[in-house]
There are 2 protein chains.
Amino acid sequence: MEAGTVLDLNQLRRSCGSCALHELCLPAGIDRQDMERLDTAVRDKRTLDRGKLLFRQGDAFHALYVVRSGSLKTYVENPAGDAQILGFSLPGEIVGVDALADDRHQCSAEALERTSICELPYSMMQQVTRDVPSLHRQLMRVISREVVAEQSHLVMMGRQQAQERLATFLRSLSERYGRLSRDTATLTLPMSRYDIANYLGLVVETVSRLFGRMEDAGILSVNRKTVRILRPDLLAGLCGNARPLPRGREAG
Amino acid sequence: MEAGTVLDLNQLRRSCGSCALHELCLPAGIDRQDMERLDTAVRDKRTLDRGKLLFRQGDAFHALYVVRSGSLKTYVENPAGDAQILGFSLPGEIVGVDALADDRHQCSAEALERTSICELPYSMMQQVTRDVPSLHRQLMRVISREVVAEQSHLVMMGRQQAQERLATFLRSLSERYGRLSRDTATLTLPMSRYDIANYLGLVVETVSRLFGRMEDAGILSVNRKTVRILRPDLLAGLCGNARPLPRGREAG
DNA sequence: GCGCGCACTTGACCCTGGTCAAGCCGCGCG
DNA sequence: CGCGCGGCTTGACCAGGGTCAAGTGCGCGC
């Protein structure tokens with residue numbers, strides 16, 4: 001595509017104020033004037049195609065990023081070569097915070113689908129957050145949310161059974177879709193079964209079987225990337241310490 | 001104890017500059033003048049006895065805290081009543097960052113032994129970090145370290161076997177002891193076996209057995225709270241994907 | 001339209017680590 | 001000095017979920 005021939009409106013981020021996400025993102029709770037200051041620190045970033053990396057573990061740190069549309073996965077690779085997925089980032093969510101510790105990214109971020117990004121060059125951010133206390137506060141808030149999200153992930157990995165993990169994952173995704181004003185009952189999963197399994201500390205076969213059992217139990221309807229939550233109440237029940245759903249395919 | 005009758009020098013934090021931890025803690029890399037500004041934002045906090053809570057999940061957020069001596073565990077409790085330990089905090093380490101997200105502590109912090117604490121009231125911190133850019137940068141660095149530490153914990157929970165988890169835990173503890181200029185080979189564990197097991201996502205029996213096997217393999221000598229690392233090289237080997245140590249108590 | 005590949009599903013089997021139960025040991029207390 | 005308790009260890013057994021292998025089906029290129 002030649003520059004100028006096709007005009008993608010999503011590409012033209014005019015300002016945080018005119019962005020549909022501004023209530024969810026860094027500008028949340030910031031007044032009009034301060035938001036204009038924030039705008040000076042935000043740069044657009046080219047859209048990433050599926051599978052492309054936003055940054056790679058070990059890269060020098062230049063900027064924080066916010067997902068505008070699409071989604072990312074962040075993961076760390078260990079010396080042995082296998083990865084652990086740390087999280088999935090939906091629109092309005094920030095990535096790159098781990099790089100503040102020592103000016104190198106500690107994880108990689110990869111687009112799960114065509115994804116556009118706002119870039120917050122850190123030098124500009126520092127200046128603006130210094131001048132705008134409300135933005136400073138809000139940045140801390142957003143970073144702290146990262147910490148809290150990782151804590152929930154840890155609880156899931158440490159204390160929950162496979163079935164509870166998948167149920168918790170689906171509920172959390174549904175809730176985040178809700179915040180984006182999407183349908184909370186129809187999830188279009190941008191990540192593969194392998195990614196889900198890895199994120200949950202399971203193997204893909206286990207995830208597949210659990211989807212099957214939840215479908216048999218009438219809680220979900222699953223069709224490739226599309227998961228319908230038919231019984232949110234029962235799904236919520238599976239997040240606690242419920243008994244495992246039956247394994248047989250027609251013993252009911 | 002009456003005020004003034006017994007003078008505990010550790011209780012009298014004169015300033016960050018005179019604190020033995022200042023190279024590890026918030027003041028790291030900050031010049032003399034800025035450190036004096038920081039001092040105005042730091043308050044001493046009464047020492048906590050073993051088992052006492054610094055803050056509790058759900059408490060209103062007032063301050064961040066830094067361990068001066070002793071140690072803490074942080075943990076979240078789920079509705080079902082059981083807890084997941086998120087981490088152990090040694091001197092120089094910050095706690096309470098998760099509360100910045102929505103002004104409530106998301107986890108509880110409990111002293112594992114007699115522990116003294118520096119308190120950083122957040123309103124003062126905000127003011128000081130605003131005036132002192134180097135301190136702002138350093139606070140972000142310290143918070144980001146929290147994120148990175150949780151990421152490592154996640155990798156451990158998601159991808160490592162029981163034996164690798166315990167080995168990784170011991171190595172990490174040893175390394176942190178080193179930073180505090182303590183002996184890296186002789187660990188005095190302030191936490192119980194139950195705490196270790198919980199932190200690692202295992203049960204106490206498994207931890208006990210693994211200590212036994214590592215002792216049989218000549219890697220450790222274990223005596224209640226005292227663990228000597230006899231072969232740091234072999235311990236490092238167990239952190240990767242090594243084969244499990246033999247289970248039998250004399251088949252070697 | 002056909003065939004290939006990849007993502008996913010399904011089944012059979014097995015192993016790591018959890019559960020349950022008993023025993024040990026160091027410590028505080030009567 | 002003996003008792004009891006709590007933290008820890010040890011053993012026997014079991015099951016949740018991992019491994020291995022085969023099968024299904026959608027999408028894409030030719």
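First the proteins, then the strands, lettered A, B, ... as listed; each starts at 1.
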Scan B:Ser208 against the nucleic acid and name what it touches under 4.0 Å (heavy atoms): base, sugar-phosphate only, or nothing.
base

Atom [atom1] of [X] to atom [atom2] of [N]: distance rounded to whole Å?
| X | N | atom1 | atom2 | result |
| --- | --- | --- | --- | --- |
| A:Asn198 | C:dC8 | CG | P | 13 Å |
| B:Arg193 | C:dG26 | CZ | P | 13 Å |
| A:Asn223 | C:dC8 | CG | C1' | 12 Å |
| B:Glu164 | C:dG17 | CD | C1' | 14 Å |
| A:Met191 | C:dA7 | CE | P | 15 Å |
| B:Asp216 | D:dT10 | CG | P | 8 Å |
| A:Leu166 | C:dT9 | CG | P | 11 Å |
| B:Leu245 | C:dT16 | CG | C1' | 14 Å |

What does the B/S/- profile of nucleotides 15-27 of chain D look like, 5' to 3', with a 4.0 Å heavy-atom cutoff to protein?
-SBSBBB----S-

Sequence-distant partners of [X], side chain to side chain donor-acceptor pair (under 3.5 Å), two or more places apart:
| X | answer |
| --- | --- |
| A:Thr186 | A:Asp183, A:Arg228 |
| A:Arg179 | A:Glu175 |
| B:Thr206 | none |
| B:Glu146 | none |

Listed partners of B:Arg193 passing side-chain contact (heavy atoms from CB on, under 4.5 Å), at least two apart:
B:Leu189, B:Val204, B:Val207, B:Phe211, B:Val222

Quick one: is C:dC8 close enough that its OP1 or OP2 comes under 4.0 Å of any side-chain N or O from A:Lys225?
yes

Of the non-hydrogen atoms in A:Tyr75 and A:Cys107, which two are nearest, and what is the gap between them?
O-CB, 3.3 Å

